[in-house]
Structure formats: C-alpha cells, structure tokens
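One structure is given here, and the rest of the page talks about it.
Sequential numbering from 1 along the given sequence is applied to the chain's residues. These numbers come from a predicted model, not from an experiment. Whatever order the structure lists them in is the order used to number ligands and atoms, beginning at 1.
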Amino acid sequence: MRIAFIGLGNMGSPMALNLLRAGHALSVYDLNEHAVRLLVDAGAKSGASPRATVADAEFVVTMLPAAAHVRGVLMGADGVLAGISKGVPIVDSSTIDPASVREFAVLAQKQGNLFVDAPVSGGTGGAAAGTLTFMVGGTGAAFEKVKPVLEAMGKNIVHCGDVGTGQVAKICNNLVLGITMAGVSEAMSLGVALGIDPNTLADIMNTSTGRCWSSEAYNPYPGVIPAAPSSKEYAGGFGTDLMLKDLGLATDAAKHAKQSVFLGALAQQLYQATSAAGHGRLDFSAVIKLYRHVSG
Ligand code: NAD
C-alpha cells in the first residue's frame, strides 16, 4: 500500500521503518531534515509539504507532538486535507485531546475522509520492536479498515469505541503512569533516606502490594534496572515535558467532564517542577530528582 507518514521523531521514525519493512511504499514528511534523510536512506520518498506527501497516498499516518502540530499539518493550503484523495483514511497516533480529535474527524468527513485516533503505548522500545499497543477510536468499520496497517507497527490493536475514545484510554493510562512513577519515586527516596538498600527495597516492592510497572520495569532509582533511563542519567525514554503535556490533557478533560482528578493535578505540579528545574527533556522518571534533591 502507498502510505504517507508525517512526524518522524522518537516514535514516528521507528514506526515508519516498520511500515517499510512490511513492504509498504512510504512517502514521508518532517520539519527535521535529518529525520527525513534517515527514512529516505531506508527506501522512502520525501514530500515537500504535507499536501505533496499525501498526493498519491492510499493511507495517511501522523505522529506529532501535540494537537497544535496536528492542526497545522492537516489545515491550510499546504496541509494534508488540501492534498488527500477522497476515501483515504487518516490515522493520528499522536497523544492529543479528544475534543480536537472529534473536530478533525468532522472536517475530514466533510470531504469524504475517515479520521481515526490511534494513540500508542509501549514507548520507543515498543515502536522499534513493532510491539506497540494502539488504542483506536472510530466506527467498527473504520477500525477494521485501519487495523491491517497498524499491525505492521504494533502487537495489540484495540478498538476503544467511537472517535476520540482512543485518546481517552491513552490519557487515563498516562494519568495512572504519572501518578505511580511519582509514588515509586517518593517511596524509593524515603526508603534510601531511612537506610535500606535501593535494590532490596525494589525487590520487596516487586513481590509485594506496591508492585507496578514504574517499580518493576522502569524503577526511577538509578542502578536498580540497568536498562531503564534512570540508570542512564535519565536519557531517552518518554520525556518529562511529554508526561506534563499528557497530565495537562487529563486535567483539562476532567474540567470539561466536571470530574475530580486530585492525584493527577498534584502529579502535574510535580512534573511541572521537574521541568522548571531544567529536566524537561529527560525521561519522566527524573521526577525522582525532586525527592533526592530535597533529601540531599
Ligand atoms: P518527538 O518530539 O520525538 O517527534 C515529533 C516529530 O514531529 C519531530 O520529528 C518534529 O520535527 C516533528 N514535527 C513537529 N511539528 C511538525 C510539523 N508541523 N510538520 C512536520 N513534522 C513536525 O515526539 P515523539 O516522542 O515521537 O512523540 C510523538 C507523539 O507520541 C506525542 O504526542 C507523544 O506524547 C506520543 N507518545 C510518545 C511516546 C514516547 O515514549 N516518546 C510514547 C507514546 C506516545
């Protein structure tokens, strides 16, 4: 299939490479020339604008930082909607707010295109391995249409419900993740300050009721999990500023739904403080620096 892929960052680049490996013909676009070059060297062609990139595409995927970037890529004289053929589906895998997704879906539908939200979980490792979870929002028919392409990039392709519900699932998952990472950071820092070895504490937690992904697979205390960003000066992984964005999406959505998110609001402030301390580009497990700094 001829696929246009727009947004070749930490996630988009390995996802696009997996589409190439699966035998699809790719045309790509990104503002970053280096990112485009990497895909062109692997066999993709590049377009001069989003409009040009989707010109002969049978399928479009976008993987951009936030809703403003998706809006910019879709709209305008050089945007995707100006160049796409009728009937071609657009899958947005960025993590953005459900309200923007619904607005984009209406605009796409007006000119005869499907717009499906399909945010992902699994991180950069899952993107490279082709084992991402896709949370898909759209009709049953839309889901069946996009699923075969997503299967080249992911292992679990889940239909969440109508358009926008993929983002609801993603935002709620990251709400839990942001809170548990802060909780594990607090407990690990307290334990070490009180004199226990961090590896012993992590082992106990991981065979006890405190066990969670943040303690077991991605422990924020340096040296506990050799492959985790915490053992590599918090480089790579999922940026603190991206977690901050996702907690902002959760608290905004909660405001509209008149729903309380006590812990989410507090977690948002913790990642805000981490970012303000200059750690926005570090992995989000760097939130532990707040506690380790305080305890000396
Ligand atoms: P990134 O910042 O690494 O990549 C974004 C890419 O978009 C960059 O290459 C940038 O140049 C490009 N871009 C920005 N504006 C553009 C425009 N107008 N036109 C064309 N290209 C443009 O981000 P990422 O880590 O790849 O994340 C992308 C999305 O996936 C985000 O919404 C993020 O929240 C979500 N996500 C990230 C992870 C992760 O572990 N990094 C995991 C799950 C979901």
Side-chain angles (χ1 to χ4, degrees), residues 4-18 27-39 44 46-54 60-83 91-98 100-101 104 117-129 131-136 150 153-154 156 166-167 169-178 181 213-214 217-218 228-229 234-250 271 280-286:
F5 200 109
I6 300 178
L8 306 166
N10 291 334
M11 295 294 288
S13 179
M15 289 166 70
L17 285 170
N18 279 333
S27 63
V28 297
Y29 180 77
D30 194 291
L31 299 177
N32 178 341
E33 282 174 26
H34 176 73
V36 172
R37 174 61 42 208
L38 196 133
L39 261 295
S46 72
S49 64
R51 178 184 181 155
T53 307
V54 303
V60 176
V61 183
T62 52
M63 189 51 166
L64 297 154
H69 307 88
V70 180
R71 184 180 300 276
V73 159
L74 289 177
M75 319 282 181
D78 276 331
V80 166
L81 292 177
V91 173
D92 179 39
S93 283
S94 327
T95 305
I96 66 172
D97 60 291
S100 293
V101 169
F104 300 152
D117 52 315
V120 300
S121 141
T124 48
T131 56
L132 293 170
T133 292
F134 281 87
M135 300 161 235
V136 184
L150 302 187
M153 301 180 283
N156 302 309
Q167 296 294 355
K170 173 68 185 171
I171 288 170
C172 292
N173 179 72
N174 278 20
L175 176 67
V176 176
L177 178 62
M181 184 57 78
W213 186 84
S214 299
Y218 215 80
Y234 302 92
F238 179 51
T240 293
D241 281 342
L242 287 178
M243 174 53 86
L244 183 55
K245 175 202 64 159
D246 289 358
L247 289 170
L249 294 176
Y271 292 97
R281 299 180 79 91
L282 296 184
D283 179 74
F284 77 112
S285 57

Point to revise | For Lys245, the ligand 1 atoms whose distance to one of its heavy atoms is below 4.0 Å | key: 31 (C), 32 (O), 33 (C), 34 (O)
Exercise for review: Give yes or no for whether the N/O distance cutoff of 3.5 Å, strictly under, is met between Ala66 and ligand 1.
Suggested key: no
Review point. Quick one: does Ala35 get an N or O within less than 3.5 Å of an N or O on ligand 1?
Key: no
For residues 6-18, tabulate all N or O donor-acceptor pairs below 3.5 Å that involve a side-chain atom, not counting sequence neighbours.
from, atom 1, to, atom 2, distance (Å)
Asn18, OD1, Arg21, NH1, 2.6
Asn18, ND2, Ala127, O, 2.9

Check your understanding: Counting heavy atoms only, which part of Asn10 comes closer than 4.0 Å to ligand 1: side chain, backbone, both or neither?
Key -> both
Review point. Counting N and O atoms only, with roles assigned by atom type, does the side chain of Ser93 sit under 3.5 Å from a partner on the main chain of Ala118, one being a donor and the other an acceptor?
Key: yes
Check your understanding: Any donor and acceptor pair, going by atom type alone, linking the side chain of Lys170 with main-chain N or O of Asp246 inside 3.5 Å?
Key -> no
Exercise for review: Answer yes or no: is there a donor N or O on one side and an acceptor on the other, between the side chain of Asp283 and the main chain of Ala235, under 3.5 Å?
Suggested key: no
Check your understanding: Going by the atom numbers of ligand 1, which of them fall below 4.0 Å from some non-hydrogen atom of Tyr29?
Key -> 19 (N), 20 (C)
Point to revise | Reported OG1-to-NE2 distance for the pair Thr62 and His69, which is rounded to 0.5 angstrom | key: 12.5 Å
Point to revise | Nitrogen or oxygen of Lys170 less than 3.5 angstrom from that of ligand 1 | key: no
**Study point:** Option of least heavy-atom distance to atom 15 (N) of ligand 1 (set: Met11, Arg281, His69)
**Key:** His69
Practice item. Give the atoms of ligand 1, by number and element, whose distance to some non-hydrogen atom of Leu64 is under 4.0 Å. Key: 7 (O), 13 (N), 16 (C), 21 (N), 22 (C), 28 (C), 29 (C), 31 (C), 32 (O)
Point to revise | Nitrogen or oxygen of Ser93 less than 3.5 angstrom from that of ligand 1 | key: no
Review point. At under 4.0 Å between heavy atoms, which part of Val73 makes contact with ligand 1: side chain, backbone, both or neither?
Key: side chain
Revision key, fill the gap. One finds that the ligand 1 atoms under 4.0 Å from a non-hydrogen atom of Leu8 are 9 (O)
Check your understanding: Counting heavy atoms only, which of Leu249, Asp30, Val120, Val70 is nearest atom 10 (C) of ligand 1?
Key -> Asp30
**Study point:** Gly123 touching ligand 1 at heavy-atom level, < 4.0 angstrom
**Key:** yes
**Study point:** Those atoms of ligand 1 less than 4.0 Å from some heavy atom in Leu31
**Key:** 15 (N), 16 (C), 17 (C), 18 (N), 19 (N), 20 (C), 21 (N), 22 (C)
Review point. Ser27 side chain to Thr53 main-chain N or O, any donor-acceptor pair under 3.5 Å?
Key: yes
**Study point:** Minimum-distance pair of heavy atoms, taken over all atoms of Tyr271 and Thr240
**Key:** O-CG2, 3.8 Å
Review point. Non-hydrogen atoms of Pro65 versus ligand 1: any pair closer than 4.0 Å?
Key: yes
Review point. Rounded to the nearest 0.5 Å, how far apart are CD of Gln167 and CG of Asp97?
Key: 8.0 Å
Practice item. Report yes if some heavy atom in the side chain of Asn156 is under 4.5 Å from a heavy atom in the side chain of Phe134; otherwise report no. Key: no
Point to revise | Per-atom contacts, ligand 1 versus Thr95 - under 4.0 Å to a heavy atom | key: 32 (O), 34 (O), 35 (C), 44 (C)
